[in-house]
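Working notes for the structure below.
Proteins get letters first, then strands, A, B, ... in listed order; numbering begins at 1 in each.
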Number of protein chains: 2
Amino acid sequence: MAEGAGTTRAQIVDAANRLFYVKGFEHTSFAAIAETVGISRGNFYHHFKSKDEILGAVIEARLQSTRAMLAEWDRDEPGPAERVRRFVEIVIANGADIQDFGCPVGTLTNELAKLGHPARPQAVAVFDLFRTWLRAQFEELGLAVEADDLAMHVLAFSQGAATLSNAFHDGEFVRREVDRLHAWLDERLAHGRPIAGSAH
Amino acid sequence: MAEGAGTTRAQIVDAANRLFYVKGFEHTSFAAIAETVGISRGNFYHHFKSKDEILGAVIEARLQSTRAMLAEWDRDEPGPAERVRRFVEIVIANGADIQDFGCPVGTLTNELAKLGHPARPQAVAVFDLFRTWLRAQFEELGLAVEADDLAMHVLAFSQGAATLSNAFHDGEFVRREVDRLHAWLDERLAHGRPIAGSAH
DNA sequence: GAAGCGCTAGGACGCCTGTCCTAGTTGCAG
DNA sequence: CTGCAACTAGGACAGGCGTCCTAGCGCTTC
């Protein structure tokens with residue numbers, strides 16, 4: 001069973017991944033996925049036993065692509081401070097999608113929570129990936145004691161910005177909020193104690 | 001047609017309000033609402049022509065109760081600074097529900113966005129209520145120029161805290177994040193320029 | 001008592017959902 | 001060339017959904 005990117009299975013996962021984000025998990029029907037991929041509806045069950053299994057594969061794909069992205073940032077960015085800033089800028093890089101559909105991680109996690117879906121912890125694992133990675137950056141910056149707290153704060157920033165960007169369809173707000181967090185990082189990274197005069 | 005709190009119509013709106021929050025709008029069926037209220041399923045259409053009409057009534061009820069809450073805060077709190085802090089503390093006061101289901105405003109707005117539902121702007125109006133109210137507080141504090149920006153930041157804080165509280169089921173994180181925002185307010189309200197030494 | 005109205009129960013409807021089945025096609029292995 | 005496994009198409013299925021209809025209840029007002 002080849003797992004290449006062009007296989008039918010991979011196409012299903014790709015289409016479902018996007019549709020779960022755009023329309024939500026529950027509102028995405030098999031018919032919609034089938035239409036996107038261009039295959040028959042009944043054909044799914046040769047690749048997945050159930051819709052939940054597709055969800056599992058989608059989350060697994062998101063985990064994998066997130067790991068790849070973080071590894072790329074580890075490789076490309078010169079230091080931990082730049083890496084955190086790279087994360088902060090993600091809400092601008094993906095600004096268009098976020099305005100329309102919110103954060104893929106946050107919205108899926110919340111939907112699964114409301115559905116009482118067993119795959120919820122798996123979805124939270126994507127958050128954990130970011131959390132752990134951010135924490136590692138702050139630790140590398142010598143802020144070991146509060147590293148996890150800072151990581152969660154940066155994560156909370158991204159969720160707040162995404163939710164309001166989606167609600168108000170306001171790109172300028174996101175820019176201001178990103179700048180504010182950059183200024184906060186300036187203070188935090190100066191010494192571990194804030195300094196006066198920064199206009200955050 | 002009496003509109004009192006005990007009427008069947010009001011009971012339907014109450015039950016739908018809670019269920020839309022707990023299970024999401026789409027995942028909430030007429031059967032579930034009927035069972036909660038204790039009435040027949042087919043009986044709905046004497047009070048509402050469609051599910052969307054129930055949604056409209058639920059959002060209207062939320063707008064009304066939000067206005068009442070803000071008016072109460074205007075009455076009870078001595079000044080605008082205390083009012084903003086009262087808002088900030090809401091993520092702790094409603095901590096249990098937020099951990100389980102997220103923010104009612106943010107999650108509904110996002111769900112309606114993904115569904116492409118026409119009532120989305122109506123749901124955003126609840127956000128606007130908070131935004132306008134917060135802006136008024138900051139204006140009263142003499143921060144007229146940046147009042148809306150500050151209002152949006154406080155709003156973003158609440159959404160970030162709510163989303164992660166729901167994802168990680170972590171109450172201590174919310175407390176830390178609230179304290180951080182209080183410290184930020186301390187700086188902001190000192191003069192409009194931050195002062196040194198505050199451990200935010 | 002009669003009439004009328006607000007309200008309700010319960011079921012019928014057409015549609016769409018996730019699931020499952022089966023017959024048929026393709027392509028590789030011997 | 002044959003056989004087997006992987007894969008696909010298309011439809012059947014049971015159940016749930018929002019919607020709608022109708023018969024009947026209980027209360028008020030002449």
Counting only side-chain heavy atoms from C-beta out, which of D:dA6, D:dA9, C:dT17 sits nearest to A:I39? D:dA9

Selected nucleotide, minimal atom distance to A:R41 side chain, candidates D:dA9, C:dG18, D:dT19: C:dG18

Report the distance from atom CD of A:E139 to atom CG of A:D148, rounding to the nearest 0.5 Å. 8.5 Å

For A:E35 and D:dG10, what is the distance between atoms CD and P respectively, to the nearest whole Å? 14 Å

Ignoring backbone atoms, establish whether B:H47 has a side-chain N or O less than 4.0 Å from OP1 or OP2 of C:dT8. yes

Salt-bridge contact B:E26-B:K114 (side-chain N to carboxylate O under 4.0 Å): no

Integer-rounded Å distance: C:dT19 P and A:D52 CG: 7 Å

Would a 4.5 Å heavy-atom cut-off, applied to side chains only, mark B:L108 and B:R62 as touching? yes

Return no unless some side-chain N or O of A:Y45 is found under 4.0 Å from OP1 or OP2 of C:dC20. no

Across all chains, not counting sequence neighbours, the side-chain hydrogen bond (donor to acceptor under 3.5 Å, both in side chains) partners of A:W73 are none

Among C:dT17, D:dG10, D:dG18, the one nearest A:S40 by side-chain distance: D:dG10

Looking at C:dT17, I'd like to know if its phosphate oxygens (OP1 or OP2) sit under 4.0 Å from a side-chain N or O belonging to A:S29. yes

Check for me, please, whether B:V58 and B:Y45 land in the same ILVMFWY cluster - side-chain distances under 4.5 Å, paths through other members count. yes

In whole angstroms, the gap separating C1' of C:dC16 from CD1 of A:I33 amounts to 15 Å

Atom CZ of B:F30 to atom C1' of C:dT8: distance rounded to whole Å? 16 Å

I need the CG-C1' distance between A:L115 and C:dG18, as an integer number of Å. 15 Å

Does B:T8 have a side-chain nitrogen or oxygen under 4.0 Å from the phosphate oxygens OP1 or OP2 of C:dT8? yes

Where the side chain of A:S50 is defined as all heavy atoms beyond and including C-beta, which of C:dT17, C:dC7, C:dT19 is the nearest nucleotide? C:dT19

How close or far is atom C1' of C:dC16 from atom NZ of A:K51, stated in whole angstroms? 12 Å

Sorted by position of nearest nucleotide on DNA chain C, 5' first, the leading residue of A:A31 and A:K49 is A:A31

Whole-Å distance between D:dC17 P and B:F25 CZ? 14 Å

How many Å lie between CG on B:N43 and P on D:dT19, as a whole number? 15 Å

